[in-house]
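Notes follow once the structure below has been shown.
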Amino acid sequence: MILFQILTALGTASSLFLVAAGLTVIFGVTRVVNFAHGSLYMLGAYVGWVVLSHLPQTIFGFTLGCLVTAAIIGVLGVLIEICILRRLYRVPELYQLLATFGVVLIAGNVVQLLWGTRVVTLPRAAWMQATISVSGHPFPVYSVVMMVVGPLVLLALWLLFSRTRWGALVRAATEDREMVGALGIRQNILFTTVFGLGAALAGLSGALSLPQVAATSQMALSAVSDAFVIVVIGGLGSVTGAFLASVLIAVLQTFGAIIIPQYVMVAVFSVMAVVLVLRPNGLLGRAGKGGRAMGDLPKLVEGATKLVIGLGVIAFIAAALVPAFDTGYVLSIMQDALIAMLFAASLHFVMGPGGMPSFGHAAWFGIGAYGAALSASSWNLPMSESIVFGVVTASILAALVGSFMIRLSGIYLAMLTFAFAQVIWALATQMTGFTGGDNGILNLWPDGVFASPTAFYALVLALCAGGVLVLRRVLFSPFGFALRATRDASARAAASGIPVGPVRHVAFTISGGFAALSGGLFAFAKGSVFPTYINVSHSIDALIIVLLGGIQTMAAPVVGALVYTGLRDYLQAATTIWPMLLGIAIIVIVSLFPQGIGGAAEHWWARLGSRAKSKGG
Amino acid sequence: MLEISKLVVAYGQATILQGVEFQVRQGEVLALLGRNGAGKSTTLKTIMGLLRPVSGHISFAGQNIDGIDPFRIARLGIGYVPEERRIFNELTVMENLEIGRQQARNGHAWSEEELFEIFPNLGGMRARRGGAMSGGEQQMLTIARTLMGNPSLVLLDEPSEGLSPLIVEQMAEAIQILKRRGITVLLAEQNLHFTEYLADDAVIMEKGRIVWSGAMKSLMADATLQARYLAV
Ligand SMILES: Nc1ncnc2c1ncn2[C@@H]1O[C@H](COP(=O)(O)OP(=O)(O)OP(=O)(O)O)[C@@H](O)[C@H]1O
Ligand SMILES: [Mg+2]
């Protein structure tokens, strides 16, 4: 029995490894964190389903079909690299990430248009179910095939990387791609082929897994989440590390599912945390490779101009007047935008000035929302107290989790926050007795003096606008300057007596607390909480808002929240292909304004100003 | 062979090169001298295309090369040996050389064996990882790697920095060999004595400007000039 489980785990490890290997190689060479890697895996499953359905149900047909699928997805990867990523190698890493998320949206929408929400399965052919006997136990041939695929691919990759000139080029570029260019190597071709190879591996994995994993439109994000965990544990850029980590995670998942089914994600996350605390660069990663901070994020612009302050005051007055005109739809849209603004501001705080990127900020939002909802429904706390309860809970948790998260930086930190959010999400969906699972918690309504929609709106306006101003105030306090010093020059900040760790820790906690406040307000604005509040896409919403707004501008969350929620709500109402349009819009915006809309506006404003000056003078 | 005119280069707000002008003639070794922070490395990086100039022009063999990609510049025949060496640590000596390989130029292509004759130490450690080599060995490997691209002009950034006298001696010999093979060399250095017998001409740089240029001999004869601009 144990033996059987181990073989199953190794089969799972293979399919995890194929996805993670591609992700890690692509990152190593191009420095792009390819969020769309899970989508390539998903497309591999769907395309594989089409291809395999047309081929004979033999082991030969299956092999051929999987290879054809890998080739198709590889070509798709090449196209994505040439059409989208190639334009973006010079923009900051986070914006590249955003663009790949645009691809996630497009791919998800394409799958939905072609296959609907149908679950696509491939029946196991007779040869797959046939068994061979290993020390007296029968094993399905399919499991054995899956088990050997991973080590085979590892061997093939090892030969490719160690025995060919192309492989040497890939390893050299992983270390120092600028130098590779200075030696006369055209990087474009290298990047394109690496991306194609990574995509092909993801596609292969999707097709291979079909007989045991049905294709769904949800599989993209869970696959990329697993791959992030594996790549981080293994060490960014290390293929062998990815293999070891895949086995580790697969074993945890397989045995965890038997022993503690509801806490598998927690177990996986805990292992990841332990590995990263012991080895901050992963099992086989090298120092200074991916741990590098999010590169060349532009500096924060100091202070606000009179114009911005003026616009802010006007916007606030306009927002305050909304209830006079409409207490229905417009009011609720405004409420959403205000809450999104505070949520994004809390992310901006930790990510911009704090230099600690988060891909999982919705975790704090969700903890605030669930904390408020649970305390209100189980203990009958009044609204105000339950929101405070949520904020306090989130702050305590942020302080705890932050104690090891702040040791990391850059991509590692971003991926760890992402995985943490996945854990919180998994808890929310799986602890059905406590959280109501997917049904959520309903019937939460503002009470007391805030019972009327107008009064509640006033509260939201006051807390959200106030929260943003408080965060802003903190950034220009001595603490804020210390925080920015830790971001800009951690070593120098430490040398000049700034307690780097504690400053980052406090910032992390403050950010979590404010995100939880926005979550608590949202719970009562909607009257309910659901696990979707903690979805990746909600974290990404905040990330998009901050990045679109322009990370170096203080006004980023405000501008971004208005533009993004406006665009999304409009598209959602107008068309069913809104994810695709949104994805395209994100890619276009990232290519045109690599400093965000706010950054671009500031740039134009500065140019206008200097032109006016030069005319005057 | 290389002409630089009115070159202005900035890192963000800080303008580092403020109108650099000089020329390197075919076949000569030109020393680019100056104190710490004068802008020597910045000049070489800009020639190589690793930094984009704000303004000014660089032409190589009659062709404008400012603003084009480093790999194209390398393929035109400029080799770059960076100050930090930038050996690929994970790759073996042979693999490092392989990365540098480009097509033959003027009918000649450097082979590994030829390079091992110039740098005998390397020949004995072909399978050694770059990261496991001493500073001097790494310096030899960087030069050898660059030569694999068969350049007609080599930009050498402080090849004598931090090396023992014996290894410095070997470096000097290697540069002599390059010169005899007709390769043009632009040699950025702080160490005047290292360049003394190697360079034909010299330019002196200070605070991002060329403040003196002339024959190496006249520089060696002028102690006040040396004292004024160089750390001697
Ligand atoms: N990446 C950078 N960002 C900002 N300023 C830089 C950067 N690199 C160099 N500088 C500055 O540019 C100036 C010139 O530097 P450069 O490295 O060209 O000098 P150098 O002549 O090569 O000095 P050395 O002999 O010490 O190598 C210095 O003042 C240096 O501080
Ligand atoms: Mg230098």
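Just so you know, these numbers come straight off a predicted model, no measurement behind them. Every chain is numbered from 1 and lettered A, B, ... according to where its sequence line falls, protein lines coming before strand lines.
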Task: Note, B:Ile47 side chain near B:Leu186 side chain (heavy atom, < 4.5 Å) - done: yes
Task: Proximity breakdown for B:Arg72 and chain A, heavy-atom pairs closer than 4.5 Å - done: side chain
Task: Residue part contacting chain A, namely of B:Pro151, when any heavy atom lies under 4.5 Å - done: neither
Side-chain atoms of residues 55-68 of chain B: list all donor-acceptor pairs with protein atoms under 3.5 Å, sequence neighbours left out, distances to 0.1 Å.
| from | atom 1 | to | atom 2 | distance (Å) |
| --- | --- | --- | --- | --- |
| B:His57 | ND1 | B:Asp66 | OD2 | 3.3 |
| B:Asp66 | OD2 | B:Ile58 | N | 2.9 |

Task: Side chain / backbone / both / neither for B:Glu98 at chain A, heavy atoms under 4.5 Å - done: both
Open item on the list: List the residues meeting side chain to side chain donor-acceptor pair (under 3.5 Å) with B:Asn96, not counting sequence neighbours, and say none if there are none.
Closed with: none
TODO: Let me know if B:Ile87 has heavy atoms under 4.5 Å from chain A in its side chain, its backbone, both or neither.
DONE: backbone
Task: Region of B:Ile73 in contact with chain A, defined by heavy-atom distances below 4.5 Å - done: neither
Open item on the list: Looking only at heavy atoms and a cut-off of under 4.5 Å, which of B:Leu76, B:Thr146, B:Thr92, B:Asn89 has the most pairs with chain A?
Closed with: B:Asn89
TODO: Carefully, step by step, assess A:Glu81 and A:Thr192 under the rule side-chain hydrogen bond (donor to acceptor under 3.5 Å, both in side chains).
DONE: CA-CA 6 Å; A:Glu81 199 277 339; A:Thr192 309; 2.8 Å; yes
Open item on the list: Is it the case that the side chains of B:Ser160 and B:Glu189 hold a donor-acceptor pair, with the cut-off being a distance below 3.5 Å and no angle test?
Closed with: yes
